[in-house]
Peer 1: 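Once you've had a glance at the structure underneath, I'll fire off some questions.
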Amino acid sequence: MFIAIEKTVLIMAFLRLISGSIEISAAILMYKLNDIEKALMVNSSLSLIGPIVLILTTTIGLIGISEKLSLVKIVCIFLGVTLILIGVKSK
């Protein structure tokens with residue numbers, strides 16, 4: 001019995017696994033550095049990875065279901081992701 005995994009889902013899961021591995025590696029690095037300034041630099045560099053992975057996985061998912069969605073719905077989803085990023089990054 002084989003379970004067919006969609007290529008799109010596999011790519012999205014792989015991106016999330018890489019992202020999680022980077023996060024765990026950064027946590028270990030912060031622990032090993034044992035310095036607040038260096039830990040903040042590592043943490044700041046991680047602030048780029050989260051949004052990039054969010055945008056990539058959303059884009060890949062939308063490409064995977066693009067034939068099932070209208071252009072208006074795709075634009076609404078991208079606007080929603082943009083608003084999430086603006087809300088998270090705003091002060």
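These values consider heavy atoms only, across backbone and side chains, with no hydrogens, waters or symmetry-generated copies. Given the structure is predicted, the values throughout are model-derived calculations rather than measurements.
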Peer 1: Who clusters with I36? Use side-chain heavy atoms, under 4.5 angstrom, across I, L, V, M, F, W and Y, and order the result by chain and number.
Peer 2: L40
Peer 1: For the residue pair S44 and S47, what are the closest heavy atoms and their distance?
Peer 2: O-OG, 2.5 Å
Peer 1: State, yes or no, whether a side-chain contact exists between I11 and R16 at a heavy-atom distance under 4.5 Å.
Peer 2: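 SC-SC contact between I11 and R16 ruled out.
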Peer 1: Indicate the atoms forming the closest heavy-atom contact of P51 with L85, along with that distance.
Peer 2: CB-CD2, 3.6 Å
Peer 1: Running the 4.5 Å side-chain criterion over Ile, Leu, Val, Met, Phe, Trp and Tyr, what cluster does M41 land in, apart from itself?
Peer 2: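 Noted: M41 shares its cluster with no other residue.
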Peer 1: Could you list the cluster mates of L17? Members are the ILVMFWY residues connected by side-chain heavy atoms closer than 4.5 Å, either directly or through other members.
Peer 2: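 Same cluster as L17: nobody, lone residue.
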Peer 1: Throw together a table of side-chain donor-acceptor distances under 3.5 angstrom for residues 70-83, partners on residues two or more places apart or in other chains.
Peer 2:
from: S70; atom 1: OG; to: K73; atom 2: N; distance (Å): 3.4
from: T82; atom 1: OG1; to: F78; atom 2: O; distance (Å): 2.8

Peer 1: For S21, is there any backbone N or O sitting under 3.5 Å from a side-chain donor or acceptor partner on S25?
Peer 2: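 Side chain of S25 to backbone of S21: a pair is present.
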Peer 1: So which residues get pulled into L46's cluster when ILVMFWY side chains under 4.5 Å apart are joined, directly or through others?
Peer 2: F14, I18, I22, L29, M30, L33, V42, I49, V53
Peer 1: For L54 and T58, which heavy atoms make the closest approach, and how far apart are they?
Peer 2: O-OG1, 2.8 Å
Peer 1: Please report the closest heavy-atom contact between M12 and T57, naming both atoms and the distance.
Peer 2: CE-O, 3.5 Å
